[in-house]
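Remember, it's 1-based here, ligands and their atoms both numbered in the order they're listed. Heads up: numbering here begins at 1 and tracks the sequence.
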Amino acid sequence: MMKILAIESSCDETAAAVVEDGRTVLSSVIASQVEEHRLYGGVVPEIASRRHAEAIVPVVTEALAQAELTLADIDALAVTYAPGLIGALLVGVNFAKGLSLSAGLPLVPVHHLRSHIASNYISNPELKPPFLCLVVSGGHSHIVMAEDYTKMTIIGRTRDDAAGEAFDKAARTMGMPYPGGIELDKVAEDGDPHAFKLPRPIVHGAPYDFSFSGLKTAVLNLLHNAAQKGEELNKADVCASFRYAVVDCLVTNFVKAAQDLGVTKLVIAGGVSANSLLRRTLAAACEQRGWELYMPEKALCGDNAAMVGAQGYYEFISGRRADSDLNAYATMSIEEG
Ligand code: KG4
Ligand code: ZN
């Protein structure tokens, strides 16, 4: 049995967790800063770094306490080192490096998007690679072939906004607080997805790539035109139509990629994998084709450290180690990981 203490600080959540053998969560603590960033309509990097620095010690202490363990019971440390806000990542990375040195524990660097995928190993104990994964978060939208736990190939990517970013921008346009994706999803449940015709942007010559920035503009135009005519649009209908357009693009390309590659095991991950319509639509598409579909439980879709402990385990057994010169990186391909 291998116990990993994992740390995550890539964006606006300071998190720590203890995970056993990559699959069993012994504790998971998340200190969210979202309320504070909401005042500014988005994450303010300077504030994020400060709050991480304040929260990291209590959060790690709490993760050990909830697992009823001490550092002496821990076999290795895992930390998110890329991609993300550089100042935010550095808080976790520097803390983990110090702890690794002082406690004499091996340190494993973990790629944030790989850890999102690994949230599925916790929610679905029987899941093993290879599979095709749709990774949709606030900063990234990828279709990734996971050949193994630590070997991944990007099949498709967004050319502009990430799916979560598109949801957040559209929500903000409609006056919803940051991060609006969650609320937009809720409001959309009461709307008609066919009320407004929105484009389904495609990227010519790259059938698995996404483009969402035009969709945001389309919603803006819809709202402005109505405002100029003094019309009040049904907010639920706008949300439902927008959500349908984004999910349609995601599902169409994901299913096409699976078909073309002959893969029948599909996985979703990242903050947007909590989206109700995405989950329902993919479940139906996979059931119709007799494909397997795996999703993280909703509590593990957003940023957390349990998923870092899960991926950290597989990185560890593949021989991955960091030493005291480990750096943080704002950008890093999931393939390099
Ligand atoms: O993975 P995540 O927690 O952080 C990043 O790594 O970026 O993703 C956050 C994103 C935000 O854009 C948020 O609005 C979006 O995930 N999100 C959703 C839903 N829940 C979270 N988007 C649509 N529907 C949801 N239910
Ligand atoms: Zn994330």
Please produce the table of protein N or O atoms sitting under 3.5 Å from N or O atoms belonging to ligand 1, one pair a line, distance to 0.1 Å.
| unit_1 | atom_1 | unit_2 | atom_2 | d |
| --- | --- | --- | --- | --- |
| ligand 1 | 1 (O) | His116 | NE2 | 2.9 |
| ligand 1 | 1 (O) | Gly271 | N | 2.9 |
| ligand 1 | 3 (O) | Asp303 | N | 3.4 |
| ligand 1 | 3 (O) | Asp303 | OD1 | 3.4 |
| ligand 1 | 4 (O) | Asp303 | OD1 | 3.4 |
| ligand 1 | 4 (O) | Asp303 | OD2 | 3.3 |
| ligand 1 | 6 (O) | His112 | NE2 | 3.0 |
| ligand 1 | 7 (O) | Gly138 | N | 2.8 |
| ligand 1 | 7 (O) | Gly139 | N | 3.4 |
| ligand 1 | 8 (O) | Gly138 | N | 3.3 |
| ligand 1 | 12 (O) | Gly164 | O | 3.2 |
| ligand 1 | 12 (O) | Asp168 | OD1 | 3.4 |
| ligand 1 | 12 (O) | Asp168 | OD2 | 2.6 |
| ligand 1 | 14 (O) | Asp168 | OD1 | 2.6 |
| ligand 1 | 14 (O) | Gly181 | N | 3.4 |
| ligand 1 | 20 (N) | Gly271 | O | 3.4 |
| ligand 1 | 24 (N) | Gly181 | O | 3.4 |
| ligand 1 | 24 (N) | Asn275 | ND2 | 2.9 |
| ligand 1 | 26 (N) | Asp185 | OD2 | 2.9 |

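- Tyr313 has its ring centre no less than 6.0 Å from the ring centre of Tyr121.
- For residue His112, an N/O/S atom approaches the Zn ion (ligand 2) to within less than 2.8 Å.
- In this structure, Arg200 satisfies the cation-pi test against Tyr244, with its NZ or CZ atom closer than 6.0 Å to the six-membered ring centre and inside 45 degrees of the ring normal.
- A donor-acceptor pair under 3.5 Å is formed between the side chain of Ser241 and the backbone N or O of Phe196.
- For the atom pair Cys286 SG and Met295 CE, the distance stands at 8.5 Å (nearest 0.5 Å).
- Judged by distance alone, the side chain of Ser27 and the main-chain N or O of Ala17 form no donor-acceptor pair under 3.5 Å.
- Per residue Asp303, closest N, O or S atom to the Zn ion (ligand 2): atom name OD1.
- Results of the side-chain contact (heavy atoms from CB on, under 4.5 Å) test with Val267 over Leu132, Val135, Asn124, Asn120 single out Asn120 as the only residue that passes.
- Here Arg50 does not pair with Glu46 in a salt bridge; the nearest charged N to carboxylate O distance is not below 4.0 Å.
- The atom of His116 nearest to the Zn ion (ligand 2) is NE2, with the search restricted to N, O or S atoms.
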